[in-house]
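So the structure is just underneath, and the comments pick up after that.
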Amino acid sequence: MPVRLNPTFYSALGEAGRPLAGMWVCSGSPLVAEICAGSGLDWVLIDAEHSPNGLESILAQLHAVSGYPVQVMVRPPVNDTVVIKQYLDLGVQNLMVPMVNSASEAASAVAAVRYPPHGVRGVGSALARSARWNRVPDYLATASETISLTVQIESEAAASAVEEILAVDGVDGIFLGPSDLAASMGLLGQQENPLVRAVVEHCLEAAKAAGKPAGVNAFNQTTARAYLDAGASFALVGADVSVLARASEGFASAFIPVAEKADRESY
């Protein structure tokens with residue numbers, strides 16, 4: 001039976017007519033991923049760079065969220081041709097590749113998501129969920145139309161090369177990571193620093209000039225809105241694990257005596 005794949009993240013972004021708000025899914029849990037997918041947010045990012053996710057858990061989460069009207073992006077741990085091939089074969093359609101610091105690294109990511117002669121992606125569609133085991137008509141010829149590629153700008157080197165990175169054919173958009181950017185600027189833990197914010201805003205302006213969307217990570221709602229006002233097309237405004245951590249701490253603060261809580265925290 002012929003199968004039709006979902007539109008890509010950037011297709012949805014173009015049709016939305018407004019910025020898209022999303023959240024990280026870092027727990028590795030299909031159940032939590034499904035809860036987040038049904039929240040009403042526009043998109044979720046399943047993370048494998050800083051989270052306990054392997055191929056099997058990513059596949060389980062793709063299954064869990066597939067019944068919801070939400071866009072799904074997945075971040076691999078590294079810009080690696082073999083890893084990206086495996087993610088694509090799982091059926092990942094929207095990739096966010098971390099730590100892309102130059103146009104050549106961006107071009108490598110593009111090559112990894114395209115079949116020859118335009119890239120180096122290995123051909124295994126008959127074996128893979130990406131083509132639904134060859135149930136997607138003409139998948140090999142049209143695969144690039146079913147995949148979107150976001151590259152992360154999260155270092156001083158990347159920010160300095162942002163115009164060149166944006167100019168790489170096949171890079172659909174960029175995503176700014178203020179935390180790693182701050183660290184690379186010698187401002188570890190200071191993603192709200194005006195110097196960091198200025199670099200983020202410079203990259204947003206560069207993306208606008210290039211005619212490509214740019215997103216940003218900002219858990220502070222005031223900061224997120226400021227970046228959206230500055231031209232960000234999409235944002236991640238929270239994470240499943242952060243929500244659980246802060247909410248559970250709130251329960252503890254409300255119900256556990258202060259002295260007893262201090263004793264527990266001394267362990």
Side-chain angles (χ1 to χ4, degrees), residues 9-10 12-27 32-33 35-47 49-51 65 68-75 94-100 148 150-156 158-159 162 166 172-185 187-210 212-247 249-250:
F9 178 84
Y10 287 98
L13 186 64
E15 294 174 1
R18 61 168 177 80
L20 299 185
M23 69 181 292
W24 297 86
V25 177
C26 303
S27 62
V32 173
I35 292 170
C36 296
S39 66
L41 286 166
D42 298 305
W43 66 294
V44 295
L45 177 66
I46 299 171
D47 181 45
E49 184 185 16
H50 294 295
S51 304
V65 304
Y68 295 85
V70 63
Q71 284 289 320
V72 183
M73 195 176 290
V74 181
R75 180 169 72 170
N94 305 297
L95 277 171
M96 180 184 289
V97 176
M99 293 291 181
V100 172
S148 76
T150 305
V151 299
Q152 279 197 262
I153 306 297
E154 45 187 343
S155 70
E156 277 194 294
V162 67
L166 283 160
D172 294 302
I174 60 173
F175 186 82
L176 288 307
S179 294
D180 279 307
L181 176 59
S184 77
M185 295 172 65
L187 299 167
L188 181 64
Q190 300 181 51
Q191 56 265 31
E192 297 287 344
N193 188 293
L195 295 175
V196 178
R197 293 182 63 159
V199 174
V200 172
E201 290 174 3
H202 163 72
C203 293
L204 293 175
E205 292 171 2
K208 182 178 180 181
K212 291 186 177 181
V216 66
N217 191 52
F219 287 9
N220 181 304
Q221 289 194 17
T222 300
T223 303
R225 293 186 186 281
Y227 284 144
L228 292 172
D229 289 342
S233 298
F234 53 104
L236 289 170
V237 297
D240 57 348
V241 290
S242 295
V243 170
L244 182 57
R246 301 294 84 80
E249 290 161 7

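Side chains are part of it too, since the values below use all heavy atoms of this structure and drop only hydrogens, waters and symmetry mates. Just so it is clear, the structure is predicted and the values come from calculations on it, not from any experiment.
E205 pairs by the salt bridge (charged side-chain N to carboxylate O under 4.0 Å, His left out) definition with nothing, not counting sequence neighbours. Checked against side chain to side chain contact (heavy atoms under 4.5 Å, CB included), L187 has the following partners two or more places apart in sequence or in another chain: A182, M185, Q190, N193, L195, V196. Checked against side chain to side chain contact (heavy atoms under 4.5 Å, CB included), A206 has the following partners two or more places apart in sequence or in another chain: V162, E163, L166. Legend: residues meeting salt bridge (charged side-chain N to carboxylate O under 4.0 Å, His left out) with E156, ordered by chain and number and at least two apart, are absent. Not counting sequence neighbours, the partners of A33 by the side chain to side chain contact (heavy atoms under 4.5 Å, CB included) test are V25, Q61, V65. For S184, there are no side chain to side chain donor-acceptor pair (under 3.5 Å) partners, not counting sequence neighbours.
More than 12 heavy atoms of other residues, nucleotides or ligands lie within 6.0 Å of NZ in K212, so this atom counts as buried by the packing criterion.
Distance alone, capped at 3.5 Å, is enough to place a donor-acceptor pair between the E154 side chain and the M99 backbone. Checking side-chain atoms of Q191 against main-chain N and O of P178 turns up no donor-acceptor pair under 3.5 Å.
For the residue pair S39 and Y68, no side-chain donor N or O sits within less than 3.5 Å of a side-chain acceptor on the partner.
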Using residues 229-245 as the side-chain source, report each donor-acceptor pair under 3.5 Å to any protein atom, sequence neighbours left out, with the distance given to one decimal.
residue, atom, partner, partner atom, Å
D240, OD1, C26, N, 2.8
D240, OD2, C26, N, 3.1
D240, OD2, S27, N, 3.1
D240, OD2, S27, OG, 3.0

Distance-only check: which donor-acceptor pairs under 3.5 Å involve side-chain atoms of residues 16-24, not counting sequence neighbours?
residue, atom, partner, partner atom, Å
R18, NH1, D42, OD2, 2.9
R18, NH2, D42, OD1, 2.7
W24, NE1, N217, OD1, 2.6

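The nearest pair of heavy atoms linking S148 to D172 is CA-OD2, 3.3 Å. Contact between I153 and A159 at its shortest, heavy atoms only, is CG2-N, 3.7 Å.
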Practice item. Using the side chain to side chain contact (heavy atoms under 4.5 Å, CB included) rule, take L176 and L204 through it: C-alpha gap first, then chi angles, then the decisive distance, then the call. Key: CA-CA 8 Å; L176 288 307; L204 293 175; 4.0 Å; yes

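Put simply, the side chain of V72 reaches to within 4.5 Å of the side chain of I46, judged on heavy atoms.
Atom-to-atom distance recorded for E15:CD and L13:CG is 10.0 Å, nearest 0.5 angstrom. One finds the CZ atom of F219 at 10.5 Å from the CZ atom of R246 (value rounded to the nearest 0.5 Å). The distance from the CG atom of D47 to the CZ atom of R75 is 4.0 Å, given to the nearest 0.5 Å. Taken from OG1 in T150 to OH in Y10, the straight-line distance is 2.5 Å, to the nearest 0.5 Å.
Within the structure, every pair that satisfies the salt bridge (charged side-chain N to carboxylate O under 4.0 Å, His left out) test and touches residues 189-203, not counting sequence neighbours, is listed here: E192-R197.
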